[in-house]
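Chain A is the first sequence line, chain B the second, and so forth, proteins listed ahead of strands; every chain is numbered from 1.
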2 protein chains.
Amino acid sequence: MLRLLRAQSVLEARLSPELGSVHGLGLNELLLLMQLGRAPLHRLRRVDLAARLNTSQSTITRMTAPLEKTGLVKRESDPRDSRVGYVALTKTGRTRVAETEITLQRMAEEIFRDRWSDKDIATLAGLLGRFTATLPGDIA
Amino acid sequence: MLRLLRAQSVLEARLSPELGSVHGLGLNELLLLMQLGRAPLHRLRRVDLAARLNTSQSTITRMTAPLEKTGLVKRESDPRDSRVGYVALTKTGRTRVAETEITLQRMAEEIFRDRWSDKDIATLAGLLGRFTATLPGDIA
DNA sequence: TTAATATACTTGCATGCGGAAGTACATTGC
DNA sequence: GCAATGTACTTCCGCATGCAAGTATATTAA
């Protein structure tokens, strides 16, 4: 179990810098945008987004501010309930996510290429899924 | 692979609060002390400790300061090389680590109890080991 | 209707972290 | 021996984050 904690830090240390330098997005920003990309209408309420990213609402507020400025994301309101603010992917945002996901995919292949069979990967994903299953918006 | 990132945050969210409230140690502090506990003479150079925790040296400096104050850890110097500062577990520190590890063990069992067989756990540990193998001081 | 409670979000504050710069010491090459 | 380089550590600064408090709106109960 302790290995899970360590493995994450190894992985993050490897992924984060390249994503940042190539696409100007932090790993967490990418994960946020990916959640939006998979949501209906490419948008989510801020509370739901926080739950999916297993983080706090205040983090969402602060993370989305710069993304709005760069135009990857925009605010939308709910006519039924004026408390809620949706975070919605813009068209620019969608293309940017797509590009970055390709890079991520390439890096994943690079990491797994050596000693991992497809079966190993599937097994790992399955076992880890038991942890992440408690979260909404689980990602394959 | 994304699941690995999510699984860690789920796990940390579950472990951290209880460890803090029961033993007054953060999860990262415990991991630090555990590394010392497994090292020869119960001590490590600060650089090596940073490498084992996959963190920066400055983090080690800041984390050890409070641990020194509470007497769980003490400084030792190297007569051969006066640049190095060892971080060494005190006797108090050793008993505290032992107590806390028991709590951790209990929590782990609680988490895995339901849907996990011993074989599942072993498989997961093995697969994750491929990531952590690059770090010194890997922990079972 | 109105008061009490619940929900969605933002802001202020404190904490934990990494990186760069600074200091002290050790090692290498001449 | 001494200059140049490398290593161990600390401190400073900025960034990301959670929590608690505050605001605005919605829902529930009387």
Side-chain angles (χ1 to χ4, degrees), chain A residues 5-6 8-21 24-33 43-69 73-88 136, chain B residues 5-6 8-21 24-33 43-69 73-88 136:
Chain A
L5 303 174
R6 312 189 88 210
Q8 187 270 351
S9 76
V10 171
L11 198 53
E12 185 176 336
R14 183 151 177 191
L15 294 178
S16 249
E18 181 159 349
L19 286 177
S21 61
L25 286 178
L27 179 54
N28 289 337
E29 286 177 321
L30 175 59
L31 294 175
L32 187 156
L33 296 176
R43 69 178 200 178
L44 283 172
R45 301 191 310 162
R46 302 170 106 82
V47 209
D48 299 329
L49 191 47
R52 281 163 195 256
L53 296 174
N54 203 31
T55 188
S56 68
Q57 286 194 34
S58 50
T59 299
I60 300 298
T61 299
R62 272 182 300 246
M63 283 183 74
T64 50
L67 294 174
E68 282 176 35
K69 282 209 169 172
V73 134
K74 68 176 188 293
R75 266 164 200 274
E76 290 178 3
S77 53
D78 186 333
R80 304 287 187 124
D81 186 337
S82 49
R83 289 171 304 177
V84 328
Y86 288 96
V87 186
Chain B
L5 303 175
R6 311 189 89 211
Q8 186 271 349
S9 76
V10 171
L11 198 52
E12 184 175 337
R14 184 150 176 191
L15 294 177
S16 249
E18 182 160 349
L19 285 177
S21 61
L25 285 178
L27 179 55
N28 288 337
E29 286 177 321
L30 175 60
L31 293 176
L32 187 155
L33 295 176
R43 68 178 202 179
L44 283 172
R45 301 191 310 162
R46 303 169 105 82
V47 209
D48 299 329
L49 192 46
R52 280 164 195 255
L53 296 173
N54 203 30
T55 187
S56 68
Q57 286 195 33
S58 51
T59 298
I60 300 298
T61 299
R62 266 175 284 109
M63 284 183 71
T64 50
L67 294 174
E68 282 176 35
K69 280 209 171 174
V73 134
K74 66 177 190 292
R75 268 164 199 274
E76 291 178 3
S77 54
D78 186 332
R80 304 288 186 125
D81 187 337
S82 49
R83 289 170 305 178
V84 328
Y86 288 96
V87 186

A.B. asks: How long is the line joining CD of B:Q57 and C1' of D:dT11, in whole Å?
C.D. replies: 13 Å

A.B. asks: Expressed in angstrom and rounded to an integer, what is the separation of A:D48 atom CG from C:dA8 atom P?
C.D. replies: 8 Å

A.B. asks: Which part of the nucleic acid, if any, lies within contact of B:T61, taking any heavy atom under 4.0 Å across all strands shown: a base, the sugar-phosphate backbone alone, or nothing?
C.D. replies: base

A.B. asks: State which of C:dC9, C:dA26, D:dT25 makes the closest approach to the side chain of A:R46.
C.D. replies: C:dC9

A.B. asks: Please give, in whole Å, the distance from D:dA8 P to B:L44 CG?
C.D. replies: 13 Å

A.B. asks: Taking the side chain of A:V84 as heavy atoms from C-beta outward, which of D:dC9, D:dG18, C:dA8 is closest to it?
C.D. replies: C:dA8

A.B. asks: Could you check which of D:dT11, D:dG18, C:dC17 has an atom nearest any side-chain atom of A:S56?
C.D. replies: D:dG18

A.B. asks: Using whole Å, what does the distance between atom C1' of nucleotide C:dG18 and atom CG of A:L27 come to?
C.D. replies: 16 Å

A.B. asks: Compare the minimum distances between each of D:dC9, D:dC19, D:dT17 and the side chain of A:M63, then state the nucleotide with the smallest one.
C.D. replies: D:dT17

A.B. asks: Check this for me, if you would: do A:R80 and A:D78 make a salt bridge, where the nitrogen-to-carboxylate-oxygen distance has to be below 4.0 angstrom?
C.D. replies: no

A.B. asks: Looking only at side-chain atoms of B:R75, point me to the closest of D:dG18, D:dT10, C:dA26.
C.D. replies: D:dT10

A.B. asks: Look at the side-chain N and O atoms of B:S82 and state whether any lies under 4.0 Å from the OP1 or OP2 oxygen of C:dA24.
C.D. replies: no

A.B. asks: Send over the distance from B:N28 CG to C:dG16 P, rounded to a whole Å.
C.D. replies: 10 Å

A.B. asks: Once you round it to whole Å, what is the distance between C1' of D:dA26 and CZ of A:R45?
C.D. replies: 12 Å

A.B. asks: Could you please name the option among D:dC19, D:dC9, C:dC17 that lies closest to any side-chain atom of A:S58?
C.D. replies: D:dC19

A.B. asks: Using the side-chain heavy atoms of B:T55, tell me which of these nucleotides is nearest: C:dG18, C:dC9, C:dG12.
C.D. replies: C:dG18

A.B. asks: Does A:L27 form a side-chain contact (heavy atoms from CB on, under 4.5 Å) with A:E12? I'd like the steps, not just the answer.
C.D. replies: CA-CA 8 Å; A:L27 179 54; A:E12 185 176 336; 4.0 Å; yes

A.B. asks: Between D:dC9, C:dA26, C:dA8, which one does the side chain of A:R83 approach most closely?
C.D. replies: C:dA8

A.B. asks: Would you please test B:R83 and B:R45 for side-chain contact (heavy atoms from CB on, under 4.5 Å) and show each step?
C.D. replies: CA-CA 10 Å; B:R83 289 170 305 178; B:R45 301 191 310 162; over 6 Å; no

A.B. asks: Between A:S21 (side chain only) and A:E18 (backbone N and O only), is there a donor and an acceptor less than 3.5 Å apart?
C.D. replies: yes

A.B. asks: Nearest to the side chain of A:R62, which nucleotide is it out of C:dC13, D:dA8, D:dA26?
C.D. replies: C:dC13

A.B. asks: Take B:D81 and A:R80, find for each the nucleotide of DNA chain D with the closest heavy atom, and name the residue whose nucleotide sits nearer the 5' end.
C.D. replies: B:D81

A.B. asks: Output the rounded distance in Å from CG (B:D78) to P (C:dT27).
C.D. replies: 10 Å

A.B. asks: Picking from A:L11, A:N54, A:N28, what satisfies side chain to side chain contact (heavy atoms under 4.5 Å, CB included) with B:L5?
C.D. replies: A:L11

A.B. asks: Could you tell me the separation between the CD atom of B:Q8 and the P atom of D:dT17, rounded to a whole number of Å?
C.D. replies: 13 Å

